[in-house]
Amino acid sequence: MKMKKILAVLSTAALCTAMFAACGDTSSSGGSAASGGAAGGSDGPIKVGIINNDPNESGYRTANDKDLQEAFSSANGFDAKFAYSMKNDEQIAAAQKFIQDEVDYLLISAADTAGWDSVLKDAQAAGVSVILFDRTIDASEDLYEASIVSDMAKEGTTAVEWLKGQNLDSYKVIHIQGVMGSAAQKGRSQALTDAAAADSGKWEIVAEQTGEWNAEKAQQIVQSVIDSKKEFNVIYAENDDMAKGAVAALDKAGISHGVGKDVIVMGFDCNKWALQELLDQNWNYDGQCNPFQSSYIKDVIDKLEKGEKLEQKTIIMDEKGFDATTITKEDVDKYGIG
Amino acid sequence: MPSKNKAVPPKTPLWARITKHQIIIPIAALLALALFNLIADPSFFRIELKENSAGNMILSGNLISIIDSGSELAILALGMTLVTAASGGQDISVGAAIAISGSVMLRVLCGNNSHPTSLQAPIIVALLVACLVSMAFGAFNGALVAFFKIQPMVATLILFTAGRSIAAWINNNELPIVSDETFSYFGNNIPGIPIPTPFLIAIVCFIVTWLFMKFTNISLYVQSVGVNEKTSRLNGLNPEFIKLMTYVLLGLCVAIAAFIKVSRISTINYSVVAKDIEMDAILAVALGGNALSGGKFSMSASVLGAYVIQFLTTTLYKFEVKATALPAYKAVVVIALVVLSAPTVREKLSQLSKKFRKKAPAAKAA
């Protein structure tokens, strides 16, 4: 009896440690990778505090974090500290700590748009330059140096313009949305909704439903459209996972998809495996959501270090859309995430 | 008509016996949903034999989609019913646990390379490893509940919070993809068999569980622990062990559900795989008319409850409910079902029907 109890306690303890080890590992895997690059200036490394969302959130975030870690390595002349949280208050606390540590630059990908005013004022008072990346916040423009963002609405219009360019006789679209209310969902949905409303004779949204970024839900949604015998020739999925789920449903029903086939498949985010599907002609289009922001941030820092002025505060990144008929193996390797 | 009149006296107790039976609630819910669909659009029930992309004949149709997509939930409902009955609480970490065991499975299958061209280990080995890991995590939850007497929901909150991070850590934050075709059979169709494999796996699980319940006293033990821990101890049972065991069994169910989930799309996304499935699993137990405070339980009612939830989801998709309104519709139906299955309401209803029946013959006599 006693033996059993001890065993139970031990196994609980073991699992506990395993758990903490797991958590510890993700938060402390500091920039060890990264190669080359010249030493960054003679006056010591530039101190950077980076506040980001949890890298486990998605493949996008993992790539984003990896890119930043490689760019702001000590080999490149930076002394970077990282803080991860998906909660706004924890991020603000981390920002305050970085200000106390007297970093030169504070890079923030905010979890939430509100609540940043006072901490940004503190940063300004302490002479810390703030650069926002990936996500904007609701604060006066004077409080930060630059904001580097994706334009989700533009991603949507690029994709829809491409679709219009396919010159189909009629567009019967299954629209699989992301988590309702998220920036990516809003931007990517709007373009399609507008296009369908503008030319309702030619465009029809056969089904519009949220797949919540989840492949399996998307599969069920498309399956339900197939089961009810509705016709469609385009699948507009707002991320790659959902496009994959949709394709699984098509495969099950024996409906052909891809270049020159019955159904056009569109996805977003440019995961490497998704671009591979394009290369194999199984999908037709994939829109980029650029996680590689470090080069833009570095440009800004370089300019500020030289005392130059930035032309504009909000920098919108170049984002491509890939067409299965023109994509190359190099594109897959260069732009693919993961 | 006259023959029915004659049958009235013996029928009343039979009717009472039927309504008293727990399984009547999910069956009634299923019938109501089916009736609704039948009236709205009879083509809902059409089933066809079609050829899929690989050239195999498979069954397709809304009903097939329901038994296919509801499988994971039904399997989870088996374990969740046991946990609920024994410990009087629910495990809210099953979604995160699915992410973990799915991740373990892919790690074993893919080795160190996240996109291998061939499998690095047999599928059965991956499944067994995932089962073991999942049962270990189940034991962790169970130990917290059984030995440390922590509220089940609080104890499992730990894994609920940390689980998806652990899952990501197992694969170094990468998203492995299995390219081997045989792996996808388990989430889709085995060539030559037109019935979706997840449903077959679920059927096997039901049969094994049924045999397990039939030939062991486990069901009695679990109920007695759930009804009264002290008296069951006085009767020579070990309540701690039985509680622990139910959590380990739920761990096994989780591993099987994860196997199906991962196989469906041959990859995993840690943040969204099986998201919110814990709530659906608890709901399945509640819809089955099981008391969430533990004690007596009916497995088959929970399983039917799981299929009711899937039936509802498919129906809502079919009628193209707006994405923003989907949760609201689901909530309304769920509230109605849960209220109807509440013991107090059922008592009131049976009293009402008794009254009604007493009045009816009286009216006829007059």
Side-chain angles (χ1 to χ4, degrees), chain A residues 1 4-5 8-9 11-12 14-16 18-23 25-26 29 54-59 62 65-66 177 180-181 206-217 219-221 223-229 241 244-245 248 250-257 271-273 276 338, chain B residues 41 43-44 46 50-55 58 60-62 64-65 68-69 114-115 136-137 139-140 143-144 146-148 158-159 162 164-170 173-175 177 184 188-189 240-241 244 261 264-265 267 269-275 313-314 317-318 320-324 326:
Chain A
M1 197 58 212
K4 262 190 208 156
K5 256 184 196 165
V9 171
S11 63
T12 316
L15 273 162
C16 265
M19 209 173 269
F20 288 126
C23 300
D25 198 74
T26 46
S29 59
D54 184 357
N56 299 333
E57 178 202 65
S58 58
T62 313
D65 179 51
K66 206 169 157 197
Q177 299 168 293
M180 300 304 285
V206 177
E208 188 174 57
Q209 189 55 265
T210 175
E212 297 174 347
W213 308 131
N214 191 331
E216 234 193 303
K217 284 220 168 108
Q219 189 180 357
Q220 286 190 29
I221 291 164
Q223 186 69 50
S224 133
V225 177
I226 296 170
D227 286 344
S228 49
K229 301 254 163 199
D241 277 1
K244 189 178 173 108
L250 295 182
D251 281 339
K252 230 177 197 178
I255 298 170
S256 69
H257 51 85
N271 285 294
K272 197 167 257 170
W273 55 263
Q276 189 62 44
Chain B
D41 182 5
S43 72
F44 185 87
R46 187 173 45 207
K50 271 204 290 198
E51 197 173 334
N52 68 3
S53 295
I58 59 166
S60 79
N62 283 310
I64 301 295
S65 300
D68 180 5
S69 316
S114 62
H115 303 88
F137 277 104
F140 168 71
L144 286 179
F147 298 107
F148 296 91
I158 302 169
L159 202 56
R164 291 178 192 275
S165 295
I166 297 174
W169 169 74
I170 290 170
N173 260 328
E174 284 173 29
L175 303 171
I177 295 176
S184 68
N188 298 292
N189 284 79
E240 280 86 13
F241 175 74
L244 182 70
K261 277 251 185 282
R264 274 189 201 279
I265 49 167
T267 182
N269 185 326
Y270 311 114
S271 55
V272 297
V273 66
K275 195 148 181 57
T313 312
T314 305
Y317 281 152
K318 149 106 185 144
E320 286 161 38
V321 174
K322 271 240 169 299
T324 37
L326 193 69

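Here is the naming used below: chain letters follow the sequence lines, and residue numbers restart at 1 for every chain. Atoms considered below: every heavy atom in the structure, side chains included; atoms not considered: hydrogens, waters and symmetry mates.
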> Pairing donors with acceptors under 3.5 angstrom, does anything connect the side chains of B:N269 and B:T267?
no

> Of all residues at least two apart in sequence or in a different chain, which pass the side-chain hydrogen bond (donor to acceptor under 3.5 Å, both in side chains) check with A:Q219?
none

> So which of B:I64, B:D41, B:I58 has the largest heavy-atom pair count under 4.5 angstrom toward chain A?
B:I58

> Select, from A:Q209, A:K217, A:M180, A:E212, the one with the greatest count of heavy-atom pairs under 4.5 Å involving chain B.
A:Q209

> Would you mind telling me which of A:K229, A:E208, A:Q223 has the largest number of heavy-atom pairs within less than 4.5 Å of chain B?
A:K229

> Going through the distances and angles, do B:H115 and A:Q276 end up as a side-chain contact (heavy atoms from CB on, under 4.5 Å)?
CA-CA 12 Å; B:H115 303 88; A:Q276 189 62 44; over 6 Å; no

> Identify which part of B:K50 has an atom lying under 4.5 Å from any heavy atom of chain A, answering side chain, backbone, both or neither.
side chain

> So what's closer than 4.5 Å to chain A heavy atoms on B:E174: side chain, backbone, both or neither?
neither

> Can you tell me how far the OH atom of B:Y317 sits from the CG atom of A:D227, to the nearest 0.5 Å?
13.0 Å

> What part of A:D251 gets within 4.5 angstrom of chain B, counting heavy atoms only: side chain, backbone, both, or neither?
both

> For atom NZ of A:K272, decide whether the heavy atoms of other residues, nucleotides or ligands shown that lie under 6.0 angstrom number more than 12.
yes

> Please name the pair of heavy atoms, one in B:S165 and one in A:D54, separated by the smallest distance, quoted to 0.1 Å.
OG-OD2, 4.3 Å

> Let me know if B:L326 has heavy atoms under 4.5 Å from chain A in its side chain, its backbone, both or neither.
side chain

> Mind checking salt bridge (charged side-chain N to carboxylate O under 4.0 Å, His left out) for B:D68 and listing every partner two or more places apart, or none if nothing turns up?
A:K252, B:R264

> In terms of heavy-atom pairs under 4.5 Å, which option from B:A167, B:G61, B:S184 contacts chain A the most?
B:G61

> What part of A:Q177 lies closer than 4.5 angstrom to a heavy atom of chain B: side chain, backbone, both or neither?
side chain

